[in-house]
2 protein chains.
Amino acid sequence: MKRLTGASAGGKAGVNGGDEPPETQTIVGLTTHEEVYRRLREQILYGGIKPGSAVTLRGLADELSVSPMPVREAVRRLIAERALLLQDNRRVMVAPMTRETFEQILFARRALEPELAARALAKLTKSDIAAIEAVDRSIDTAMRAGDTEGYMRANYQFHFAIYRKSEAWTLVALVESIWLQFGPFMRMAYGRIGTSTIEDHHEFAISAMKKGSAADLRKAIDADIGQGMGFIGEAVLSRAG
Amino acid sequence: MKRLTGASAGGKAGVNGGDEPPETQTIVGLTTHEEVYRRLREQILYGGIKPGSAVTLRGLADELSVSPMPVREAVRRLIAERALLLQDNRRVMVAPMTRETFEQILFARRALEPELAARALAKLTKSDIAAIEAVDRSIDTAMRAGDTEGYMRANYQFHFAIYRKSEAWTLVALVESIWLQFGPFMRMAYGRIGTSTIEDHHEFAISAMKKGSAADLRKAIDADIGQGMGFIGEAVLSRAG
DNA sequence: GGCTCGAAATTGTGATCACATTCGACCTAG
DNA sequence: CTAGGTCGAATGTGATCACAATTTCGAGCC
């Protein structure tokens, strides 16, 4: 069972966790709900929580050994970002995917992500590109090993390492929200199909970055989106509407 | 001073407000924080809160005669939607506008909103169009009267009456988040320039809807965005970077 | 034996308290 | 008169309690 090591800044009212010395090795300066948020966000993004499965405030609180309060705030935030869905029963779950939602996410990604990559292009240094290449190699490794979560983490890093270089924070935030919404389904898709059949458009993207060609980079990103989302579409939406 | 009339569903622990009979005329079924959220959202969207001005949890709670708790959740949600900004001091304010943010919002609007309108086109009935025309007339009225807030409300209604008809909820949610981010600046812009000089692209949009021409509708919406955002750009960003 | 109804447990929501940090005003020293 | 410092008020964060609504599960009835 994971636990949030030690208390962070802010009010430490009431009894302490108990068995740990104060001032543990946690990254200080973060509020507890922020830490809970990041942890949940990762779990959702990399498929740790299956779509349709419900989460409860007290359950998560126990799991992370914190009080329900910071969990409430983290969950509320994730609901606002559409990573979680608040049902009419006021219960919280990972949102299921419909064909319509899927299609809209695909459109939004194609509209925003190639642009983001193009904006990043001018600001990419040699060492940035080298780092991105390294990430791409770890994608290949994970892919060949059949390590789905590793693949997803690396794939996320690959894309956002580029996008963040654009320094277009407003757009990056929009795209991150979109990724949160289809993350769980990526996991389902690769869990069903496997990672071995993925064709790699990242090579084209990297060579486009090296050439400094915005048009080629847009094309590569767009192709990558189309293929990745195609997988999800086939695997997840084949039977349901 | 506004107040949230009566208590809503959910725990009513401790002493009651005091002076009101139970079961007041409020819309029941809504949680308190949801109601607070909508109220704050409106204030932000229509410029009731000036950019850069700070809001406090207890301040808002007193203003609405609720406990700080639902305000916390509402504010947290608005922060996640980027309508409010959590500073390093952990204080909350309406986000200021920078040239970069402005430019990104403009891009995202142009990428998403014409598409949304085009998707709505097929589902628009005669009566829908008539209703939208009525909203457009109220825009004219407010414009001539110099009623900035009325103009903004009606303008918002005009756009989202169309967009919502697309039933593309995922995309609509993205666009709503974007509108929340530039709402306050629209108010500033019109407060400075006035509403009288606004050219009306809505007529073109309406005639495009009547003709059923998706291409024309896209063009009209795009032109409307360009003009509206141009106003904000000139008025708000003329001096600051 | 399958179904229904009711009691107990679980869950989300709101209120209140506790505390560390930060902001602001007032005061004092130069 | 200005700059620096100190103390009090205000604020965000987390914990705990209270309560209504929903869910869950087991006992009783047909």
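Model, not experiment: these values are computed from the prediction. Here is the naming used below: chain letters follow the sequence lines, and residue numbers restart at 1 for every chain.
Within the nucleic acid shown, V75(B) has no heavy atom closer than 4.0 Å to any nucleic acid atom. Using a 4.0 Å heavy-atom cutoff across all strands shown, V71(A) reaches no nucleic acid atom at all.
Aromatic ring centres of H33(B) and Y37(B) lie farther apart than the 6.0 Å criterion allows.
With rounding to whole Å, R58(B) atom CZ is found 13 Å from dA18(C) atom P. Atom C1' of nucleotide dG14(D) and atom CZ of R76(A) are separated by 17 Å, given to the nearest angstrom. Rounded to whole Å, atom C1' of dT11(C) lies 13 Å from atom CD1 of I79(A). The interatomic distance linking L86(A) (CG) with dG12(C) (C1') rounds to 9 Å, in whole Å. Rounded to a whole Å, the CG atom of D62(A) is 12 Å from the P atom of dA15(D). Taking atom NE2 of H33(B) as the reference point, atom P of dA15(C) lies 12 Å away to the nearest angstrom. Atoms CD (E63(A)) and P (dT11(C)) sit 13 Å apart, rounded to a whole Å. One can place CG of L57(A) at 16 Å from C1' of dA18(D), the figure rounded to the nearest angstrom.
Between Y163(B) and F160(B), the two ring planes are perpendicular [angle over 60°; tilted spans 30° to 60°].
Within the 4.0 Å cut-off from OP1 or OP2 of dG14(C), not a single side-chain nitrogen or oxygen of S67(B) is found. One finds no side-chain N or O of R72(B) lying less than 4.0 angstrom from the OP1 or OP2 phosphate oxygen of dA15(C). An OP1 or OP2 oxygen of dT11(D) is reached within less than 4.0 angstrom by a side-chain nitrogen or oxygen of T56(B). OP1 or OP2 of dC23(C) sits under 4.0 Å from a side-chain N or O of N89(B). An OP1 or OP2 oxygen of dG14(C) is reached within less than 4.0 angstrom by a side-chain nitrogen or oxygen of T32(B).
Checked against dG14(D), dG12(D), dG14(C), the side chain of P70(B) finds its nearest nucleotide in dG14(C).
Checked by atom type and distance alone, the side chain of Q104(A) pairs as donor or acceptor with a backbone atom of T170(B) at under 3.5 Å.
Where R91(A) and M69(A) meet DNA chain D, the nucleotide closest to each residue was compared, and M69(A) sits on the side nearer the 5' end.
Atoms CE and CZ, from M152(B) and R187(B) in turn, are 6.5 Å apart once rounded to the nearest 0.5 Å.
A donor atom on one side chain and an acceptor atom on the other are found under 3.5 Å apart for Y156(A) and E176(A).
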